[in-house]
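For reference, the structure is listed below as structure tokens.
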Amino acid sequence: MPQNHPARSHAIHSRVRSFSRAGGRLTDGQARALAEHGGRYIVSVPRADAIRTVAGSFRLDPEAVFGHPGQLRPLVVEVGSGGGEAILAHAAANPGVDHLAVEVWETAIAKIVRETAKRGLHNVRVVPADAAQLFATALPVASVSEVWVFFPDPWRKPRHRKRRLVSAGFADSVARVLRPGGAWRLATDWADYAWQMRDVLEAVSALPVGMEPDMTEPYFRYDDAGARPELGADSAVEGSLGNGPDPGSPAGARGGWSERFTGRVMTRFEDKGVQAGRVIRDLCAVRTDMPWRPELREPLLQALQREGVEWNARDGA
Ligand SMILES: C[S@@+](CC[C@H](N)C(=O)[O-])C[C@H]1O[C@@H](n2cnc3c(N)ncnc32)[C@H](O)[C@@H]1O
């Protein structure tokens with residue numbers, strides 16, 4: 001295991017926000033949806049100070065939020081769900097899986113609430129909060145089966161890059177909340193952000209909890225890059241963030257992109273990227289350490305079996 005992993009703090013000190021707006025003008029339909037259904041679908045979050053902040057003392061109990069205390073179910077948490085296309089489609093197709101949509105933008109929150117109510121989904125809740133804070137302190141340790149970050153705001157200008165959500169600090173928080181065997185899935189249409197994500201995923205291998213970029217998918221090595229131009233191989237060198245040409249790991253197992261996650265439907269933002277001719281890149285890392293296997297994983301799988309939930313153990317347990 002690589003040494004010198006810097007100690008990082010989860011404390012909420014200086015706040016760098018990955019979003020520029022949390023408000024937004026609601027349509028009459030959206031306002032009505034919030035008034036009628038917000039109480040059922042929106043998780044109430046005590047604030048630290050400003051809008052979308054999370055009080056350091058707040059603990060979100062997923063089983064209570066979904067109304068099945070004592071019953072462990074798979075839990076997908078999507079960060080920045082936007083209009084909710086991806087999470088709503090997955091929730092409809094997987095009724096035994098709980099889904100939390102974490103969003104800051106009021107209009108998007110209202111859209112997800114409206115659609116959840118319209119489709120009668122019992123397994124979706126919306127958390128109106130800055131995911132960076134929610135993941136750092138409020139979500140329980142080892143509680144989440146999958147974390148999704150699809151098409152996060154790209155913050156393209158170099159002086160804004162520090163506002164990108166996918167960073168070393170956020171990776172710490174994701175590792176904290178993932179169950180053993182749980183997966184962190186990402187996608188972006190911005191080449192430069194894809195390389196930043198790749199670097200972050202490479203670095204999480206050094207975390208004490210043990211995360212590995214997904215080795216079960218056909219990753220490609222950088223020296224094989226010429227063979228996979230459709231995966232963005234043409235930008236392999238120039239996109240590598242300050243690390244120079246990256247030869248990949250000696251085993252060829254780490255780094256690179258994952259296959260498109262089959263549970264990820266096309267969203268408005270992905271479509272915009274495709275229309276603009278940008279390459280879509282998926283990435284995935286899996287929490288690989290299993291110290292809790294006897295205490296956590298087996299009961300989890302048994303509970304899932306009892307529930308009759310079809311959930312691939314590698315993907316979701
Ligand atoms: C570019 S949109 C992508 C939406 C969706 N994932 C998709 O693929 O269509 C990014 C979303 O992330 C939300 N967002 C940005 N930073 C966030 C944060 N720290 N916590 C929660 N949501 C955030 C924004 O409000 C926005 O809706």
Side-chain angles (χ1 to χ4, degrees), residues 10 12 14-26 30 42-43 45 47-48 50-54 58 60 76-91 99-115 124-139 144 146-156 160-174 177 184-190 192-194 196-197 200 260-261 263-276 278-283:
H10 286 127
I12 300 163
S14 62
R15 187 163 180 234
V16 178
R17 297 193 323 171
S18 65
F19 53 95
S20 53
R21 54 184 172 175
R25 189 184 291 267
L26 298 175
Q30 287 167 349
I42 294 182
V43 177
V45 178
R47 305 295 172 197
I51 185 171
R52 304 301 182 233
T53 57
V54 179
F58 176 53
L60 191 156
V76 171
V77 180
E78 182 176 36
V79 175
S81 300
E85 296 109 305
I87 199 162
L88 291 168
H90 197 267
H99 294 76
L100 282 179
V102 185
E103 230 328 312
V104 288
W105 191 22
E106 187 76 357
T107 318
I109 291 165
K111 272 188 197 165
I112 301 169
V113 166
R114 190 174 59 185
E115 275 305 302
V124 175
R125 297 290 183 277
V126 186
V127 189
D130 178 353
Q133 295 200 347
L134 193 83
F135 275 62
T137 53
L139 282 171
V144 179
E146 300 213 353
V147 174
W148 295 355
V149 182
F150 299 150
F151 304 95
D153 296 314
W155 293 108
R156 293 162 59 191
H160 287 151
R161 295 241 166 98
K162 61 177 181 299
R163 298 189 64 168
R164 286 177 172 174
L165 177 75
V166 180
S167 62
F170 187 63
D172 274 7
S173 297
V174 172
V177 304
W184 183 14
R185 303 185 186 282
L186 307 102
T188 182
D189 57 333
W190 288 101
D192 178 73
Y193 203 173
Q196 178 170 331
M197 290 175 177
V200 167
R260 184 193 174 102
F261 168 43
R264 182 170 76 69
V265 301
M266 175 75 76
T267 66
R268 193 164 64 83
F269 281 96
E270 176 172 14
D271 188 50
K272 248 167 71 178
V274 171
Q275 297 307 324
R278 292 192 287 271
V279 175
I280 309 300
R281 296 173 173 94
D282 279 67
L283 301 95

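Each ligand, and each atom within it, is numbered from 1 in the order the structure gives. In what follows, every heavy atom counts, from backbone to side chain, and hydrogens, waters and symmetry copies are set aside.
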Check: Between CG of D153 and NE2 of H160, what distance do you get to the nearest 0.5 Å?
Finding: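 One finds 12.0 Å between CG of D153 and NE2 of H160.
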
Note to self: Tell me every residue that passes salt bridge (charged side-chain N to carboxylate O under 4.0 Å, His left out) with R125, counting only those two or more places apart in sequence or in another chain.
What the structure shows: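 Not a single residue meets the salt bridge (charged side-chain N to carboxylate O under 4.0 Å, His left out) criterion with R125.
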
Next item on the list: Taking salt bridge (charged side-chain N to carboxylate O under 4.0 Å, His left out) as the test, write out the residues that go with R260, two or more places apart.
Entry: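 Partners of R260 under the salt bridge (charged side-chain N to carboxylate O under 4.0 Å, His left out) test: E270.
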
Which pairs of donor and acceptor atoms, one on a side chain in residues 76-83, lie under 3.5 Å apart (sequence neighbours left out)?
residue, atom, partner, partner atom, Å
E78, OE1, S81, OG, 2.9

Note to self: I need the contact residues for ligand 1: any residue with a non-hydrogen atom closer than 4.0 Å to the ligand, ordered by chain then number.
What the structure shows: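 Ligand 1 is contacted, at a heavy-atom distance under 4.0 Å, by S18, F19, G80, S81, G82, V102, E103, V104, W105, A129, D130, A131, F150, F151, D153, L165, T267, F269.
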
Check: Hey, are Q196 and R164 close enough side-chain-wise for a donor-acceptor pair under 3.5 Å?
Finding: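 Checked: R164/Q196 side chains pair up, N/O donor to acceptor below 3.5 Å.
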
Check: Is it true that the NZ or CZ of R278 lies under 6.0 Å from the centre of W190's six-membered ring and within 45 degrees of the ring axis?
Finding: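 Output yes; distance and angle both within limits.
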
